[in-house]
2 protein chains.
Amino acid sequence: MKSHNITISDIAKELGITPSTVSRALSDSPRVNDKTKKKVQETAQKMGYHQNVMASMLRKGSSGSIGIIIPRINRHFFSNAISGIERIVNPAGYNLLIYQTEELYQKEVEGIQAFMKNRVAGIILSIAAETTHFEHLNNLQNKGIALVQFDRVTDLVHGPKVINDNFNGAYLAVKHLIQTGHKRIAHLTGAPHLNVYRERLRGYMQALTDHGIQPDQALVFDNSITRDGGAANIGKIMSLNADAIFCAGDYAALGAIQELKNLNIAVPEQVAVVGYANEPFSEIMTPSLTSVEQNAFEMGTRAAQALIDMIENKDNAHDHTDIIPVRLIVRQSSLVSTY
Amino acid sequence: MKSHNITISDIAKELGITPSTVSRALSDSPRVNDKTKKKVQETAQKMGYHQNVMASMLRKGSSGSIGIIIPRINRHFFSNAISGIERIVNPAGYNLLIYQTEELYQKEVEGIQAFMKNRVAGIILSIAAETTHFEHLNNLQNKGIALVQFDRVTDLVHGPKVINDNFNGAYLAVKHLIQTGHKRIAHLTGAPHLNVYRERLRGYMQALTDHGIQPDQALVFDNSITRDGGAANIGKIMSLNADAIFCAGDYAALGAIQELKNLNIAVPEQVAVVGYANEPFSEIMTPSLTSVEQNAFEMGTRAAQALIDMIENKDNAHDHTDIIPVRLIVRQSSLVSTY
DNA sequence: CCATTTAATACAAACGTTTGTATTTTTGTA
DNA sequence: TACAAAAATACAAACGTTTGTATTAAATGG
């Protein structure tokens with residue numbers, strides 16, 4: 001039943017040559033004659049040969065896979081980023097190992113360890129919300145495993161990073177709200193220790209002060225990035241006489257809008273809402289949601305390219321941060337009715 | 001700089017014992033004394049040892065990874081299924097290789113070949129829309145690579161399958177439309193050679209005839225499963241005096257509803273619409289969309305479990321098809337206003 | 001036609017485990 | 001104390017490649 005996997009030695013025997021020439025023939029080495037190359041490739045085909053990657057990689061020292069660690073795969077942003085990564089990584093001959101942390105520090109450590117055991121050539125990582133210290137990552141560096149950080153990053157770990165322009169995205173969103181006549185703009189955001197939310201908050205603040213509005217700390221709500229978080233804070237927000245809400249995520253914006261509807265508060269007439277991430281539902285909901293598009297696919301390709309460069313040039317040092325531009329997509333939730 | 005990866009031989013040398021005992025100690029074999037086990041495990045820890053999986057797997061013959069091939073990862077259904085698969089597969093000590101076909105036959109073949117090279121222990125596959133012949137899969141069987149088909153399956157290839165109850169889902173949806181007073185029910189569906197659409201069509205037909213409605217072939221629209229497909233057929237559908245549309249996917253339903261809105265046709269009052277898949281936006285859109293929930297996560301866990309059983313029992317033969325129940329979620333798009 | 005370079009192939013070791021068999025050490029018993 | 005039985009460990013081969021070095025065959029030139 002179990003037909004033994006055929007090896008280069010089988011091919012060698014078949015042709016009366018030696019395994020090393022077969023190996024070289026298959027990898028198109030200049031050291032072997034074109035005629036034998038052809039013969040080898042043909043019989044390999046005929047005998048149904050498939051290279052044993054484990055043997056190859058054992059000999060060569062590094063695995064042909066790269067690992068990716070993300071909070072969760074069923075988020076539009078991350079699954080699109082994965083598509084981008086795959087687009088680069090597959091043609092380059094690597095394959096993708098995927099690990100979800102579900103935002104847990106413990107699972108992040110486990111993922112790193114699993115990847116070390118598998119001798120991945122490199123890792124693309126987006127840090128879990130729970131993670132606040134980073135020894136598990138420093139370990140990687142001296143193991144010779146390349147690391148690229150992506151979206152959720154920390155400056156406490158060296159190496160290339162690919163992020164989107166959180167500051168500017170927030171700045172654009174808030175500027176837009178101001179220019180459409182809003183003055184008291186609340187901000188729903190996430191865990192403040194994560195760079196993405198810290199930067200968006202900074203953009204929010206800067207846009208306000210640049211336009212002569214004094215920021216009010218009472219209007220900033222941490223850890224309110226979920227749909228429930230969006231809904232839960234509406235009462236407080238309205239009691240503070242806000243006329244707009246800038247949410248650091250579309251889910252919070254969704255929750256906010258639904259709660260506003262429940263309270264019969266008109267969006268955008270009484271309160272305008274802007275989100276972040278341009279989730280697929282943003283365009284579809286009523287009112288459609290103004291949001292910041294992050295270009296996840298592009299971020300994936302950039303991160304993957306940076307990783308491959310790092311692997312193949314063994315260039316562990318450079319600390320470059322690649323900032324992907326974002327784009328504000330204006331929809332109904334922020335257009336005042338006078339338009 | 002590049003500190004050489006430490007091996008079991010290093011540990012052995014350190015302790016003045018032999019690599020084989022180290023290996024057995026680390027895998028908790030009964031053949032080694034508890035005291036030495038402890039000593040080995042401690043020094044392994046101390047020296048920062050990480051097993052070289054490639055060497056291990058080369059020796060053991062099979063890799064510790066399982067591969068998954070799906071049309072695309074950024075679909076709610078598939079990314080949730082992956083989460084389910086991971087939930088089973090990681091604790092069992094395997095890791096996940098992921099390959100997207102983008103519905104292309106060629107990429108499906110490539111994926112299979114990449115996985116054969118990697119000597120994956122097994123593959124979970126959801127067939128690409130373009131794929132209509134299956135030699136590349138029959139190949140796997142005699143290579144000893146386990147295969148579980150999942151969602152998009154074909155009876156032309158043996159082995160376990162996990163699908164959702166497409167027939168029943170469609171039946172429930174159409175029955176619901178009939179019971180809410182609809183009589184001329186159109187059906188938007190996908191490529192008829194795919195089991196999922198074939199079965200949903202069958203459920204649609206059966207529900208109609210069971211309730212004394214003569215199916216009208218003119219009301220069935222093949223290859224209209226996209227958002228555009230949903231919108232494009234509305235003119236034709238209305239000219240045929242339909243009072244309801246059952247779509248084999250939520251995107252088609254979305255396109256249909258938006259086009260109906262454009263034409264000022266009231267949903268559900270003039271035309272009721274039901275979708276399939278319960279995409280995240282279905283609940284959010286206006287009107288909210290009645291849809292069939294497929295339980296992707298559960299399907300993933302089942303498929304993963306079936307694969308692991310198959311791998312570990314070497315039980316290649318059984319042809320069981322696991323049918324996961326579905327659930328109709330009734331929302332506004334199908335409730336007549338008289339309620 | 002022989003010497004010499006170059007092209008083509010063969011040889012052999014190595015990557016880091018695992019595992020069957022052999023050997024040594026310990027334990028138990030008469 | 002001697003001896004068998006059991007426990008613990010050592011030895012060595014194997015998994016399928018890759019790759020540096022050695023060898024043989026072919027080509028070149030005087």
Side-chain angles (χ1 to χ4, degrees), chain A residues 2-41 43-44 47-65 93 116-121 143-144, chain B residues 2-41 43-44 47-65 93 116-121 143-144:
Chain A
K2 67 153 322 222
S3 65
H4 113 110
N5 274 320
I6 73 122
T7 73
I8 55 171
S9 305
D10 296 330
I11 301 178
K13 214 168 294 169
E14 178 77 15
L15 293 173
I17 61 180
T18 183
S20 54
T21 29
V22 174
S23 171
R24 290 196 165 95
L26 290 173
S27 64
D28 203 30
S29 155
R31 279 177 58 175
V32 27
N33 184 297
D34 280 349
K35 260 180 261 172
T36 51
K37 260 186 209 173
K38 198 142 299 176
K39 248 191 308 190
V40 166
Q41 273 148 5
T43 48
M47 298 176 73
Y49 170 76
H50 288 272
Q51 185 196 45
N52 185 325
V53 177
M54 335 225 59
S56 166
M57 291 315 173
L58 172 58
R59 176 58 227 250
K60 295 210 275 195
S62 130
S63 104
S65 20
M116 288 176 80
K117 279 175 51 162
N118 277 276
R119 299 292 190 275
V120 295
K143 284 274 177 186
Chain B
K2 68 152 321 215
S3 66
H4 113 108
N5 274 320
I6 73 122
T7 71
I8 54 171
S9 305
D10 297 330
I11 300 178
K13 213 168 293 167
E14 178 77 13
L15 293 173
I17 59 178
T18 183
S20 54
T21 31
V22 173
S23 171
R24 290 196 167 95
L26 290 173
S27 63
D28 202 31
S29 153
R31 278 178 58 175
V32 26
N33 184 298
D34 281 350
K35 260 179 262 176
T36 50
K37 260 186 208 172
K38 198 143 298 174
K39 250 190 307 190
V40 167
Q41 273 148 6
T43 47
M47 298 177 73
Y49 170 76
H50 286 274
Q51 184 197 43
N52 184 323
V53 176
M54 336 228 55
S56 166
M57 291 316 173
L58 172 59
R59 176 58 228 251
K60 295 210 275 194
S62 131
S63 103
S65 22
M116 289 176 79
K117 279 175 47 162
N118 276 276
R119 300 293 191 272
V120 296
K143 285 273 178 187

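Sequence lines set the chain letters: A, B, ... in the order given, protein chains first and strands last, and positions in each chain run from 1.
The nearest whole Å value for the distance from the NZ atom in A:Lys60 to the C1' atom in D:dC15 is 18 Å. Rounded to a whole Å, the NZ atom of B:Lys35 is 10 Å from the P atom of D:dA8. Across the protein-nucleic acid pair, A:Ile8 atom CD1 and C:dA10 atom P stand 13 Å apart, rounded to whole Å. Here D:dT18 presents its P atom at 11 Å from CD1 of A:Ile11, a figure rounded to the nearest Å. Whole-Å rounding puts the A:Asn52 CG to D:dA14 P distance at 17 Å. One atom, CG of B:Asn118, and another, P of D:dG16, lie 16 Å apart when rounded to the nearest Å. One can place NZ of B:Lys37 at 13 Å from C1' of D:dT9, the figure rounded to the nearest angstrom. In this structure, the CD1 atom of B:Ile17 is 14 Å from the P atom of C:dT17, given to the nearest Å.
For A:Arg59 and D:dG20, a side-chain-to-base donor-acceptor distance below 3.5 Å is absent, hydrogens and geometry of angles not being considered. A donor N or O paired with an acceptor N or O is found under 3.5 Å between the base of D:dT21 and the side-chain atoms of A:Arg31. Between the side chain of B:Thr7 and the base of C:dC15, no donor-acceptor pair under 3.5 Å is found.
Judged by distance alone, with hydrogens and angles left aside, the side-chain atoms of A:Thr43 form a donor-acceptor pair with the main-chain N or O of A:Lys39 at under 3.5 Å.
Taking the nucleotide of DNA chain D with the nearest heavy atom to each of A:Ser27 and B:Asp34, the more 5' of the two is matched to B:Asp34. Map B:Gly16 and A:Ala55 each onto its nearest nucleotide of DNA chain D; the residue landing nearer the 5' end is B:Gly16.
Note on A:Ser56: only backbone sugar-phosphate atoms sit closer than 4.0 angstrom, heavy atoms only; bases stay farther off. A:Thr36 comes within contact range of the sugar-phosphate backbone alone, with a heavy-atom separation under 4.0 Å but no base atom that close.
Side chain of B:Arg24, nearest nucleotide from D:dT9, D:dG16, C:dT19: C:dT19. For B:Ser20, the side-chain atoms get nearest to C:dT19 when compared with the rest of D:dT17, D:dG20, C:dT19.
Between A:Val22 and A:Val32, the closest side-chain pair of non-hydrogen atoms is not below 4.5 Å. Looking at heavy atoms from C-beta onward, B:Leu15 lies in side-chain contact with B:Val40 at the 4.5 angstrom threshold. In this structure, B:Val53 and A:Arg119 have side chains that are not in contact, with every pair of non-hydrogen atoms separated by 4.5 Å or more.
In this structure, A:Thr21 does not reach the C:dA8 phosphate: none of its side-chain N or O atoms is under 4.0 Å from OP1 or OP2. Distances shown here put a side-chain N or O of A:Ser23 below 4.0 Å from the OP1 or OP2 atom of D:dT18. For C:dA8, one of the phosphate oxygens OP1 or OP2 lies less than 4.0 angstrom from a side-chain nitrogen or oxygen of A:Asn33.
No more than 12 heavy atoms of other residues, nucleotides or ligands lie within 6.0 Å of NZ in A:Lys117, so this atom counts as exposed by the packing criterion.
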